[in-house]
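Along the sequence shown, residues carry numbers from 1.
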Amino acid sequence: MPDPGSIAVACGPLGDARAAQSLAQQLDLPFLGKVEPRHVSSHALLLFFDDLGLGLQLTGKKAPGPVRAEFARGKAGYRREHGGGTGQLVARAVGLQKTRHSLHVLDATAGLGQDAFVLAGLGCEMTLFERSPIIHALLADGLQRGLLNEQAAPVLSRMTLQAGSSIDWLSQADAPVADVVYLDPMFPHRDKAAQVKKEMQLFRPVVGDDDDAPALLTAALAAARYRVVVKRPRKAPAIEGPEPVTRLEGKSSRYDIYPIKALPQ
């Protein structure tokens, strides 16, 4: 987590001030009221309510627009309609081409829920965990807004968001907890010259690096019924622990697959 002084909650002229104040109290963060992010100098980041919902926003004069969980419009909407079905890498990694059964997938590091949304759109029942209270708030807001959209709502109805640490839950639950456990831990970023997505520029100071990824992999392998899937940057090493049996590589990322037993036909 960042220094508490680096993030606050605020809203724009058309934002929900009551919801913003309630979230500030819930997260024990300062509430700045109605402000313009470019005029804020006291905090580096804002959880910012505007007319489109909740976003995570850099402050300052040249700050880019907010990052938010979005399921009805933009990339998510396009991918829902034109995503490529079970031929998509994430779907192949989970095993959707190998079974006609509906799978229960536990996304243990949900982030903004985009991969979970793709899998839910292909019929999977999704359980999502996000341990960062700030990212969890963004995801919860996106799910709530998305359920108001006629096209997105049937997909989102297959996504259940849980609070807290997935590693704690996986370690304590009776196995198996899901058919597939899906992991996309934050990878330590060491190349200062590399261009990174706006989401990662905002998320890294909030979330930090997932240094407990090896423990999460161990817990996932003990809790999954059929397989564990780990999403990694294409050239990154595997998570410390057992070697994946199979890898699927894309242009910028890959999926390490740890099968436990064969999927049902």
Side-chain angles (χ1 to χ4, degrees), residues 19 49-56 66-132 134-164 166 169 176-185 197-199 203 220 224-231 248 250 252-253 255 257 263-264:
F49 282 86
D50 59 16
D51 56 323
L52 297 178
L54 179 64
L56 186 62
V67 168
R68 65 182 92 239
E70 185 59 69
F71 300 106
R73 305 178 304 151
K75 292 181 181 178
Y78 182 87
R79 196 171 178 186
R80 183 185 68 246
E81 297 178 7
H82 309 287
T86 57
Q88 297 174 82
L89 276 181
V90 65
R92 290 168 53 197
V94 167
L96 297 187
Q97 289 186 321
K98 296 187 175 184
T99 182
R100 290 173 290 180
H101 292 252
S102 174
L103 295 179
H104 174 205
V105 180
L106 189 147
D107 187 341
T109 52
L112 293 180
Q114 295 305 298
D115 287 339
F117 185 63
V118 170
L119 294 173
L122 297 173
C124 295
E125 292 293 329
M126 302 297 303
T127 300
L128 287 72
F129 277 87
E130 175 49 56
R131 66 180 173 182
S132 164
I134 292 168
I135 307 305
H136 185 276
L138 292 172
L139 182 50
D141 177 78
L143 290 170
Q144 185 177 16
R145 287 185 288 105
L147 286 169
L148 301 177
N149 179 273
E150 185 177 357
Q151 285 74 42
V155 178
L156 295 177
S157 68
R158 292 192 285 273
M159 296 169 60
T160 302
L161 177 60
Q162 304 283 358
S166 60
W169 192 86
V177 300
D179 296 322
V180 178
V181 178
Y182 181 79
L183 312 178
D184 183 10
K197 291 182 179 179
K198 181 170 67 172
E199 289 89 343
F203 280 16
R225 178 178 282 109
Y226 297 117
R227 64 175 59 183
V228 172
V229 176
V230 181
K231 185 177 182 180
L248 291 177
S252 60
S253 60
Y255 296 89
I257 302 168
L263 289 157

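Under the 4.5 Å side-chain criterion, counting only non-hydrogen atoms from C-beta, Asp115 is in contact with Tyr182. Within the 4.5 Å cutoff, the side chain of Leu54 has no heavy atoms near those of the Pro66 side chain. Counting heavy atoms from C-beta outward, Val229 and Val90 have side chains that stay 4.5 Å or more apart.
In this structure, OG on Ser157 lies 13.0 Å from CE on Met126, to the nearest 0.5 angstrom. Taken from CE in Met159 to CG in Leu128, the straight-line distance is 4.5 Å, to the nearest 0.5 Å. Of the inter-residue distances, the one linking Leu139 atom CG with Leu161 atom CG reads 5.0 Å to the nearest 0.5 angstrom. Atoms SG and CG, on Cys124 and Asp107 in that order, are 11.0 Å from each other to the nearest 0.5 Å. If you take CG on Leu148 and CG on Leu156, they are separated by 10.0 Å, rounding to the nearest 0.5 Å. Considering CG of Leu112 and CG of Leu143, their distance stands at 10.0 Å, rounded to 0.5 Å.
By the side chain to side chain contact (heavy atoms under 4.5 Å, CB included) test, Ala178 pairs with His104, Leu106, sequence neighbours left out. Listed by chain and residue number, Asp16, Phe49 satisfy the side chain to side chain contact (heavy atoms under 4.5 Å, CB included) test with Ala19 (two or more places apart in sequence, or in another chain). For Arg145, the salt bridge (charged side-chain N to carboxylate O under 4.0 Å, His left out) partners at least two apart in sequence or on another chain are Glu70, Asp141. Under the side chain to side chain contact (heavy atoms under 4.5 Å, CB included) criterion, Leu89 pairs with Arg92, Leu248, Tyr255, not counting sequence neighbours. Considering only residues two or more places apart in sequence or on other chains, Pro264 meets the side chain to side chain contact (heavy atoms under 4.5 Å, CB included) condition with Thr99, His101, Tyr226. In this structure, His136 has no side chain to side chain donor-acceptor pair (under 3.5 Å) partners at least two apart in sequence or on a different chain.
The minimum heavy-atom distance between Phe129 and Ser166, with the atom names listed, is CB-CB, 3.6 Å. Among all heavy-atom pairs drawn from Thr127 and Gln162, the shortest one is CG2-CG, 3.9 Å. Between Gly85 and Ala91, the shortest heavy-atom distance links the atoms O-CB, 4.1 Å. Closest approach of Gln88 to Leu122, counting heavy atoms only: NE2-CD1, 4.1 Å. Contact record, Ala152 with Phe71: CB-O, 3.9 Å, taken as the closest heavy-atom pair. Here the closest heavy-atom approach between residue Val155 and residue Gly121 is recorded as CG1-N, 3.4 Å.
Between the side chain of Arg158 and the main chain of Ala120, a donor-acceptor pair closer than 3.5 Å is present. The backbone N or O of Asp184 lies less than 3.5 Å from a partner atom in the side chain of Thr109, making a donor-acceptor pair. With Ser102 contributing its side chain and Gly123 its backbone, the two residues share a donor-acceptor pair below 3.5 Å.
Heavy-atom contacts from other residues, nucleotides or ligands closer than 6.0 Å to CD of Gln144 number 12 or fewer.
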> Given Leu263 and Leu103, is the side chain to side chain contact (heavy atoms under 4.5 Å, CB included) satisfied, shown in steps?
Replying inline: CA-CA 9 Å; Leu263 289 157; Leu103 295 179; 4.1 Å; yes
